[in-house]
Amino acid sequence: MRLIPMVVNGQKIVQLSQLTIDQANDLRSWLPPQSIQKVRFQGMDLNDCIPFETYDYWFKTHHIQTFTYETILDF
């Protein structure tokens, strides 16, 4: 399942916490640690955000090509 980005201050972002545990772990291991950002949105701090473009690239090139299948435990 692919995430739909949130738009914050004109930038498209996704939160890693919106992914399944397996996807979030795979993406975190692929990303450099400094690429995960904290974003302030409607008075809340979102601590695990990345640019949508980064997520989209990972999804298209890594996640889909590995043919990762989700199980009932991922939901």
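Owing to the predicted nature of the structure, the values given are computational and were not obtained by experimental measurement. Side-chain atoms are counted along with the backbone in the values below, which use heavy atoms only and exclude waters and symmetry mates.
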Counting heavy atoms not belonging to Gln37, are there more than 12 under 6.0 Å from its CD?
-> yes
Any chance you could measure Arg28, atom CZ, to Leu16, atom CG, to the nearest 0.5 Å?
-> 5.0 Å
Trp30 and Tyr57: side chain to side chain contact (heavy atoms under 4.5 Å, CB included), yes or no, with the steps?
-> CA-CA 11 Å; Trp30 180 80; Tyr57 176 82; 3.6 Å; yes
Is it the case that one hydrophobic cluster holds both Val8 and Ile36, taking links as side-chain heavy atoms less than 4.5 Å apart, direct or via other members?
-> no
Under 4.5 Å between any side-chain heavy atoms of Gln23 and Arg2, yes or no?
-> no
For residues 38-46, run the donor-acceptor check on the side chains, cut-off 3.5 Å, and write out each pair with its distance to 0.1 Å, sequence neighbours left out.
residue: Arg40; atom: NH1; partner: Asp45; partner atom: OD1; Å: 2.9
residue: Arg40; atom: NH2; partner: Gly43; partner atom: O; Å: 3.4

Could you tell me the separation between the CZ atom of Phe59 and the CG atom of Leu19, rounded to the nearest 0.5 Å?
-> 9.5 Å
Under a 4.5 Å cut-off applied to non-hydrogen side-chain atoms, are Ile50 and Ile13 in contact?
-> no
Closest heavy-atom pair, Glu53 versus Lys12, reported as atoms and distance to 0.1 Å, is OE1-O, 4.3 Å
Do side-chain atoms of Tyr55 reach the backbone of Leu3 as a donor and acceptor pair under 3.5 angstrom?
-> yes
Closest heavy-atom contact between Ser29 and Asp26?
-> OG-O, 2.8 Å
Contact check, side chains of Asp56 and Lys60, non-hydrogen atoms, under 4.5 Å | yes
